[in-house]
Amino acid sequence: MELIQQQLPIVLHSLNIGFLQTLKLFIVTLLGAMPLGLVIAFGSMSRFKPLSVFTRVIVWIVRGSPLMIQLLIIYYFPGLVLHNPIWGGGESGRFLAAAVAFIFNYACYFSEIYRGGIQSVPVGQIEAGYVLGMTKTQIFLRVKLLQVIKAIVPPMSNEIITLVKDTSLARIIALQEIIWAGQSFMKGSQGISGAIWPMFFTAVYYLAFNGIMTLLLGWLEKKLNYYR
Amino acid sequence: MLNASNLMKSFDGLGVLRGISLQVNEGEVVAIIGRSGSGKSTLLRCLNNLEKVDGGTIEIDNQALVKNGVYCPAAMQRKLCLKMGYVFQNFNLFPHMNVLRNLTEAQCCVLGREKDQAQKYARELLQKVGLADKEKAYPYQLSGGQQQRVAIARALAMDPEILCFDEPTSALDPLLTQEVLGVIRSLSAEKRTMVVVTHEMMFAREVADRVVYMEDGVIVAEGRPGEVFDSDKVRSFTGLGD
């Protein structure tokens, strides 16, 4: 116990730095995947058959294969197979590759949630907008959008909480996020080696952050409950 | 005011409208009656451009929405349909907007009215349908009859020349039906042009200037309520007047 007390400041410092990288990946993924998901959703709902089929196949591949494999392919394929290491070396290259993999993967999941949300708005709502003379854009923005948002908040909350934990997968390409930081004390870092507790301790960070996210998303869901 | 001729419409090869011609004159209330599946709702939906006809002509104020099956440009379609108001069987109020905003949204974004002006008009209309105290309520907080009266006020807010009702009381119990029919009755007293698809035979008889009886996608009988309801074909359908 005394030993842990001695190690604690050093470990916390490292974990905090790692967690910042985790947080950065989380935020960048959300910012990229939420709009990209909408584009993919419109693609899969397109009445132009080749586009909707193509989009659905992509979504199937991305949702049907492990994110860890996608990370490895996106990071290593250009350099090892094409001999064109587009990501460059170092932490910034790894972050870029991880961000691309995460954004694309999560956009595919989000697209299906969006699609369900858009299709859940009753056709009578669209017709009501239409007989009042609204344009398609007005109907989407004024009639459908808020109803879609209300419908997608609960499933999106689920995905967002999963994303917080999924960021740990970026460890596989040695992104220096919090798991990597915790693990470094097993191999030896800053005079501490063979310590496994820092890695276990990373769970506290995920739990705390997901606690905040749960409260935040719950608040949003409640806020949208002003109508039924 | 509204002139439809030889309308044809089929769903998956099944003829739902088979050469319907209908004229609606200014200040007239036309009731369309007939069995379920006779095509009366489809007719009303075609007149309001919610369905596209396969053939025929629809003229609103002497301007063709569709001529011999060929539709005018989309922008023109929207402009012409603004002359028509439509009240749905299941109200279709916007659930995320309160009553007042249900009435003002399209006034502002479609007709370009100022918010104050739109609200003033909306309040007048709510008064008219007896819901002045409900402007802040959300649709889920209202009874079916109240929701339908809001829907009527919402349609009126756009100042349509012709107001169409698609079975406006079919989703309501008898008591709520009466409050909605009361509103429609008061509109007919104002000489509003209306087309009402309904199963309320007594109401049709009382309020309509003209009754149209449809069967299998064609108009079988048409004329003053007394004449139509007394014809043998309609009698067998309504069970009235025997």
Side-chain angles (χ1 to χ4, degrees), chain A residues 34 37-38 41-42 45-49 52 110 113-157 216-228, chain B residues 44-45 47-51 74-99 101-113 136-142 147 150-151 153-160 162-166 171:
Chain A
M34 290 212 283
L38 197 60
F42 282 127
M45 286 188 294
S46 168
R47 262 177 270 176
F48 181 58
K49 203 82 187 162
S52 69
F110 289 170
I113 293 176
Y114 292 160
R115 189 166 69 87
I118 291 170
Q119 289 173 345
S120 75
V121 178
V123 66
Q125 288 291 308
I126 296 148
E127 291 188 341
Y130 183 79
V131 294
L132 291 168
M134 292 184 189
T135 60
K136 271 189 178 165
T137 317
Q138 286 172 333
I139 290 173
F140 183 76
L141 295 177
R142 290 164 192 266
V143 177
K144 287 170 89 171
L145 189 60
L146 198 62
Q147 299 191 52
V148 171
I149 290 173
K150 186 181 162 84
I152 66 173
V153 165
M156 283 296 278
S157 303
L216 213 65
L217 293 161
W219 170 82
L220 179 63
E221 201 177 323
K222 218 169 168 181
K223 200 87 183 132
L224 285 166
N225 254 347
Y226 72 92
Y227 76 90
R228 267 175 239 159
Chain B
L44 202 65
R45 289 174 62 80
L47 296 178
N48 283 274
N49 211 20
L50 289 172
E51 301 282 353
M76 184 71 179
Q77 287 179 33
R78 242 196 19 256
K79 210 175 133 206
L80 278 177
C81 289
L82 271 178
K83 293 172 188 275
M84 311 281 284
Y86 195 91
V87 176
F88 296 87
Q89 183 176 345
N90 41 14
F91 337 126
N92 289 336
L93 293 179
F94 303 130
H96 55 302
M97 299 180 192
N98 66 20
V99 166
R101 192 143 162 239
N102 259 283
L103 268 66
T104 55
E105 191 71 8
Q107 284 192 68
C108 296
C109 79
V110 177
L111 301 178
R113 285 184 188 148
K136 289 203 166 64
Y138 282 87
Y140 80 92
Q141 296 166 319
L142 303 177
Q147 289 192 48
V150 172
R154 180 175 70 174
L156 288 171
M158 303 302 283
D159 289 325
I162 304 174
L163 194 50
C164 300
F165 295 86
D166 182 17

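Every chain is numbered from 1 and lettered A, B, ... according to where its sequence line falls, protein lines coming before strand lines.
Neither the backbone nor the side chain of Leu111(B) comes within contact range of chain A, judged by heavy atoms closer than 4.5 Å. Residue contact with chain A, scored on non-hydrogen atoms closer than 4.5 Å, is absent for Gln141(B). Only the side chain of Arg45(B) comes within less than 4.5 Å of a heavy atom of chain A; its backbone N, CA, C and O stay farther away. If you measure heavy-atom distances from Asn98(B) to chain A, you find no contacts under 4.5 Å at all.
Residue-level contacts of residues 142-152 of chain A with chain B, in order of numbering, are Arg142(A), Val143(A), Leu146(A), Gln147(A); threshold 4.5 Å between heavy atoms. At a heavy-atom cut-off of under 4.5 Å, chain B is reached by Glu127(A), Ala128(A), Gly129(A), Tyr130(A), Val131(A), Leu132(A), Gly133(A), Met134(A), Thr135(A), Gln138(A) from residues 127-140 of chain A, listed in order of number.
Contact count versus chain A (heavy atoms, under 4.5 Å) is highest, among Pro160(B), Cys164(B), Cys109(B), for Cys109(B). Comparing Leu93(B), Asn90(B), Asn48(B), Val87(B) by heavy-atom pairs within less than 4.5 Å of chain A, the highest count is held by Leu93(B).
Taking the six-membered ring for Trp and the full ring otherwise, Tyr226(A) and Tyr138(B) have centroids separated by under 6.0 Å.
In this structure, Gln125(A) and Pro95(B) have side chains that are in contact, with non-hydrogen atoms separated by less than 4.5 Å.
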